[in-house]
Amino acid sequence: MADPAARAAARLLDPAAIRLDARAAGRDEAVRLCGRMLVEAGAVEPGYVEAMLERERSISTHLGEGVAIPHGTAAGRDLVRRDALAVVRFPDGVDWDGPRVTVCIAIAARGDGHIGILAELAQVLLDPDRARALREAATPADVLRLLDPGGAGETDEDDDRDSDREHDRDDRLEEQEPTG
């Protein structure tokens, strides 16, 4: 059974809201693109994009390691239909008014439903190998694996081994149960 944090991540980040080949002339254009992805996902009203730009102009959402987390202001929360994330990679990078950003994780949140994903993102950024893997992710599945608090860094082989272990455990339990 998947843990609640993994289910929450799956709810917040739809693979359709992951784009790995974006281009932007600068920070504001990149934020607008991230906002449009949230609008297209049905997570926010179009006005939320302006709230994202307002946030960025007041406080940079650049976190380091080439990652930014554009999100709206508190006033923009009324424009959020549901909590969601969008991940946009800019292979050529974007000038974020100084630092260079290659990955944006756009956030739409009415409350604190995104906190678990932010905690996992912090762990990704603290690990240079995982931060590099996020910047170099080749598929939406790679991004989901890296940001999924329940399965970060796991491979399909790991999933197969876990499944085999669960089946073995279930078989042993059945052998131990009294039959009569």
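Residues Ile105 and Val101 are members of separate hydrophobic clusters, defined by side-chain heavy-atom contacts under 4.5 angstrom among Ile, Leu, Val, Met, Phe, Trp and Tyr.
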(request) Report the C-alpha separation of Glu29 and Arg23 in whole Å, then their side-chain angles, then the decisive distance to 0.1 Å, and conclude whether the salt bridge (charged side-chain N to carboxylate O under 4.0 Å, His left out) test is met. (result) CA-CA 9 Å; Glu29 186 178 329; Arg23 305 275 183 271; over 6 Å; no
(request) Apply side-chain contact (heavy atoms from CB on, under 4.5 Å) to Arg110 and Asp83, showing your working. (result) CA-CA 6 Å; Arg110 293 189 63 85; Asp83 290 359; 4.0 Å; yes
(request) Take Leu20 and Val88 through the test side-chain contact (heavy atoms from CB on, under 4.5 Å) and record every step on the way to the result. (result) CA-CA 6 Å; Leu20 301 176; Val88 182; over 6 Å; no
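Looking at Leu33 and Arg19, their side chains come closer than 4.5 Å, going by heavy atoms from C-beta outward. A 4.5 Å side-chain heavy-atom check between Trp96 and Glu56 finds at least one atom pair inside the cut-off. Here the side chains of Leu144 and Ile18 are in contact, with some heavy-atom distance below 4.5 Å. Residues Val44 and Leu79 form no side-chain contact, since every pair of their non-hydrogen atoms from C-beta on lies 4.5 Å or further apart. Side-chain contact between Arg55 and His71 is present, with heavy atoms from C-beta onward closer than 4.5 Å. Contact annotation: the side chain of Arg132 never approaches that of Leu134 to less than 4.5 Å [non-hydrogen atoms, C-beta and beyond]. At a threshold of 4.5 Å between non-hydrogen side-chain atoms, the residues Val143 and Leu13 count as touching. Two residues are said to be in side-chain contact when any heavy atoms from C-beta on lie closer than 4.5 Å; Arg27 and Arg57 meet this criterion.
Taken from NE2 in His62 to CG in Asp97, the straight-line distance is 11.0 Å, to the nearest 0.5 Å.
Across all non-hydrogen atoms, the minimal contact from Arg89 to Arg135 is CD-O, 2.9 Å. For the pair Ala41 and Arg82, the tightest heavy-atom approach, listed with the atom from each and the gap, is O-NH2, 2.8 Å. Annotation for Leu85 and Leu38: closest pair C-CD2, 3.9 Å, computed over non-hydrogen atoms. Considering all non-hydrogen atoms of both residues, Met37 and Val87 come closest at CE-O, 4.4 Å. Of all heavy-atom pairs between Pro70 and Cys34, the closest is CG-SG, 4.1 Å. Considering every non-hydrogen atom in both Met52 and Ala106, the closest pair reads CE-CB, 4.0 Å.
Between the side chain of Tyr48 and the backbone N or O of Val39, no donor-acceptor pair lies under 3.5 Å. Of the possible polar contacts, none joining the Arg32 side chain to the Val49 backbone as a donor-acceptor pair under 3.5 Å is found.
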